Amino acid sequence: MRSRVVLALPLALLTLALGACGASDAGSAASSYYGSSDTTSGGDAAGSQWTDPSSYPVADTYTPTSSADTSSPADTSVPVDTAVAPDAGPDATAPDESQFEPPGTNPFVMAAHDPFSTFGADVDTASYEIFRRYVGDLGVLPPPASVRLEELVNYFDYGDAPPTAEDEHPFSIAVEAAPSPFTPTTLLRIGITGEVLDQATRAPANLVFLVDVSGSMSSDDKLPYVKTLLRETLDVLRPTDTVAIVTYASAERVALPATPVSEKAAIRQVIDGLAAGGSTAGQRGLAMAYDVVRGSYVAGGFNHVILCTDGDFNVGIVGTDAIVSYIEGERATGVTLTVVGFGTGNLNDAMMEAVSNAGDGVYAYIGDADSAVAYAHDRMLGSIFFIAKDLKIQLAFNPARVHAYRLLGYENNAIADEDFVDDTVDAGEIGSGLAVTALYELVLGDDAVPAGEGAPEPEDGAAYAGGDLPEFGADDLAELRIRYKHPGAETNDPAIALDRRVSAADVDATFEDAGDALRFAGAVAAFAEILKHSPYGSLANLDVIGAVFAEQAEVDPERAELAVLFAKARALLGE
């Protein structure tokens, strides 16, 4: 459980705070999905369920970094991995110059045409922390382009048991499904939970904290929280692990050479002395950090750079593509990189997500001191100590049972179906104790594919004629396939493969019968669809979402906090 200090309100008080969040059954929710009378929602004369993004009061804080036209509904001819949701956010002339790139929204895909859905694992949680910062601290909705659905879902612990010592693979797999109350579909959840490495026997860590101390980091919500994160991280490492600190601004320097964590007093003295000022020569800082980590490289250990910044690179290599290319080149040395973002004034979210992906690492965001403490104690080790790398996930759907499917989120992690078995293709990493949750909406049998104003046309075309579909049983809905490598594997090493069937037996009769994990993850995803202005989001779902959040608020402090944040966000939505 995360250690953030969160006020755990009694359930009755939370229910009062959430307002009219009465529970609805799947049937009534599906009816409202097709014909909402909510005047804040866009729609045709028949009363479409599709939300009208222009009706949302959002933070005027979005600087687009994509050349795509986001002012009109998505072109239905655009492939899944490049589709852009309509109306990605407010005008670019906002006083807050933070940069967010719209992830887009996956459409439905007809299983008879393309029965395969393939993507890389992603355990990032930055998008949830950004939502938490905007709604909880700033009192406004987050920029729609900052909302990556999978990062909101993956922020939470779903209670899936990790693998045991006798298990063949370093992660466990959970599968469950139920009729969705949010759309007329069946909601499928896939949960992959990594093993927790034994601190006493794990490989040693060689860490370099690369700290941005430029002028843009001088505000109270940036460098002070970096210091908190660094201090707290010392308490979760072993005394024999080594830590170095490299700083960069107008110039870069080694503030602390590789030092055993046992020398905490000396390390803390350096942390306390960090101060901000000057321009941002990020590329030179990166180069020095990699030099330092290679100088103390531990064979068979975890050699990792942790970049702490707001992403404002303005000297040297400044374009995201150039920085990504540089990081990818360094990745071949066996050094991985995590990015931790701070602040809201000029946060370069788009760059930091791309850089962390290129570095085979994690992208996190720190919005306050509690977040810094929680990340250090609950996620830092998972960001450093990987239990699997290049983890790819593929669902092969049974066209005889599944009419259409839609992956919720992971737009930035799409992998070409044919690359699933190409073990040289980079994919996602999963760290000690971390988990990946993926959600699909399935249209079963001959049911209609959800459609409405602003939604992209389903991906359809000639029937699939390949020969690599498995022989499905009468009750099989899909085959879940996973490929991964051990952390020390090389690019050309073969991956390890496993698979599991998803059958009708995995589907509960109603959403109310489903377990807490599926119900909560589904509600978080439906809420994210609204926040990101997805054409599949509906304000008519707010009552069901709120009811799920309220009933699970006593499960853990994170759920309790989300229930409170949801009430604030609902008010900002005019509901």
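A quick note: this is a predicted structure, and the numbers were derived from the prediction, not measured.
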Looking just at side-chain N and O atoms, do [X] and [Y] make a donor-acceptor pair shorter than 3.5 Å?
{"X": "Thr336", "Y": "Asp360", "answer": "no"}
{"X": "Asn412", "Y": "Glu353", "answer": "yes"}
{"X": "His113", "Y": "Glu459", "answer": "no"}
{"X": "Asp310", "Y": "Ser216", "answer": "yes"}
{"X": "Ser117", "Y": "Arg406", "answer": "no"}
{"X": "Tyr225", "Y": "Asp220", "answer": "no"}
{"X": "Ser127", "Y": "Glu151", "answer": "no"}

Note to self: Using the rule ring pair (Phe, Tyr, Trp, His ring centres under 6.0 Å), only one of Phe566, Phe156, Phe527, Phe511 pairs with Phe520; which is it?
What the structure shows: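 For Phe520, the ring pair (Phe, Tyr, Trp, His ring centres under 6.0 Å) test succeeds with only one of Phe566, Phe156, Phe527, Phe511, which is Phe156.
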Next item on the list: Quickly, which of Tyr375, Tyr134, Tyr155 forms a ring pair (Phe, Tyr, Trp, His ring centres under 6.0 Å) with Tyr128? Name it, please.
Entry: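 Only match with Tyr128 under ring pair (Phe, Tyr, Trp, His ring centres under 6.0 Å): Tyr155.
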Has the side chain of [X] got a donor or acceptor atom that lies under 3.5 Å from a matching backbone atom of [Y]?
{"X": "Ser383", "Y": "Arg379", "result": "yes"}
{"X": "Asp122", "Y": "Asn413", "result": "no"}
{"X": "Ser172", "Y": "Ala161", "result": "yes"}
{"X": "Gln552", "Y": "Asp516", "result": "yes"}
{"X": "Tyr158", "Y": "Val153", "result": "yes"}
{"X": "Asn106", "Y": "Gly409", "result": "yes"}
{"X": "Asp508", "Y": "Ala178", "result": "no"}
{"X": "Arg189", "Y": "Thr437", "result": "no"}
{"X": "Tyr405", "Y": "Phe116", "result": "yes"}

Below 4.5 Å, heavy atoms only, C-beta onward: do [X] and [Y] meet side chain to side chain?
{"X": "Glu150", "Y": "Glu411", "result": "yes"}
{"X": "Leu347", "Y": "Met352", "result": "yes"}
{"X": "Leu573", "Y": "Ile530", "result": "yes"}
{"X": "Ile545", "Y": "Phe182", "result": "yes"}
{"X": "Thr118", "Y": "Ile393", "result": "no"}
{"X": "Glu176", "Y": "Val507", "result": "no"}
{"X": "Ile482", "Y": "Lys392", "result": "no"}
{"X": "Val443", "Y": "Pro450", "result": "yes"}

Search all heavy atoms of [X] against all heavy atoms of [Y] and return the closest pair with its distance.
{"X": "Val362", "Y": "Asp124", "answer": "CA-OD1, 3.4 Å"}
{"X": "Ala372", "Y": "Leu229", "answer": "O-CD1, 3.6 Å"}
{"X": "Ser371", "Y": "Ile366", "answer": "O-CD1, 3.7 Å"}
{"X": "Gly136", "Y": "Leu565", "answer": "CA-CD2, 3.6 Å"}
{"X": "Ile430", "Y": "Gly194", "answer": "CD1-N, 3.9 Å"}
{"X": "Lys532", "Y": "Pro103", "answer": "NZ-CG, 4.3 Å"}

Note to self: Checking Leu444 against Thr186 for the side chain to side chain contact (heavy atoms under 4.5 Å, CB included) test, could you report, in this order, the C-alpha distance in whole Å, the side-chain angles of both residues, the deciding distance, and whether it holds?
What the structure shows: CA-CA 7 Å; Leu444 302 181; Thr186 294; 3.5 Å; yes
Checklist line | Candidate pair Asp212 and Lys222, rule salt bridge (charged side-chain N to carboxylate O under 4.0 Å, His left out), full reasoning | finding: CA-CA 10 Å; Asp212 182 351; Lys222 295 182 182 179; over 6 Å; no
Quick one: pull up [atom1] in [X] and [atom2] in [Y] and give me the separation to the nearest 0.5 Å.
{"X": "Phe119", "Y": "Gln394", "atom1": "CZ", "atom2": "CD", "answer": "10.5 Å"}
{"X": "Leu434", "Y": "Glu429", "atom1": "CG", "atom2": "CD", "answer": "12.0 Å"}
{"X": "Asp556", "Y": "Leu562", "atom1": "CG", "atom2": "CG", "answer": "10.0 Å"}
{"X": "Arg132", "Y": "Leu152", "atom1": "CZ", "atom2": "CG", "answer": "12.5 Å"}
{"X": "Leu518", "Y": "Asp513", "atom1": "CG", "atom2": "CG", "answer": "11.0 Å"}
{"X": "Thr183", "Y": "Asn541", "atom1": "OG1", "atom2": "CG", "answer": "8.0 Å"}

Note to self: Working note: Asp157 + Glu558, criterion side chain to side chain contact (heavy atoms under 4.5 Å, CB included); need CA distance, chi angles, decisive distance, verdict.
What the structure shows: CA-CA 9 Å; Asp157 178 2; Glu558 284 69 40; over 6 Å; no
Margin query: Run Tyr440 and Leu408 through side chain to side chain contact (heavy atoms under 4.5 Å, CB included) and show every step you take.
Written below: CA-CA 6 Å; Tyr440 281 86; Leu408 306 187; over 6 Å; no
Item checked: For Leu442, the option from Leu187, Asp447, Val502, Leu188 that meets side-chain contact (heavy atoms from CB on, under 4.5 Å) ->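 Single pass found, and it is Leu188.
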Check: Please walk me through it: do Arg559 and Glu554 pass side chain to side chain contact (heavy atoms under 4.5 Å, CB included)?
Finding: CA-CA 7 Å; Arg559 281 168 167 75; Glu554 294 183 342; over 6 Å; no
Next item on the list: Determine whether the aromatic ring centres of Phe131 and Tyr365 lie less than 6.0 Å apart.
Entry: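 Between Tyr365 and Phe131, which both carry aromatic rings, the centre distance is not below 6.0 Å.
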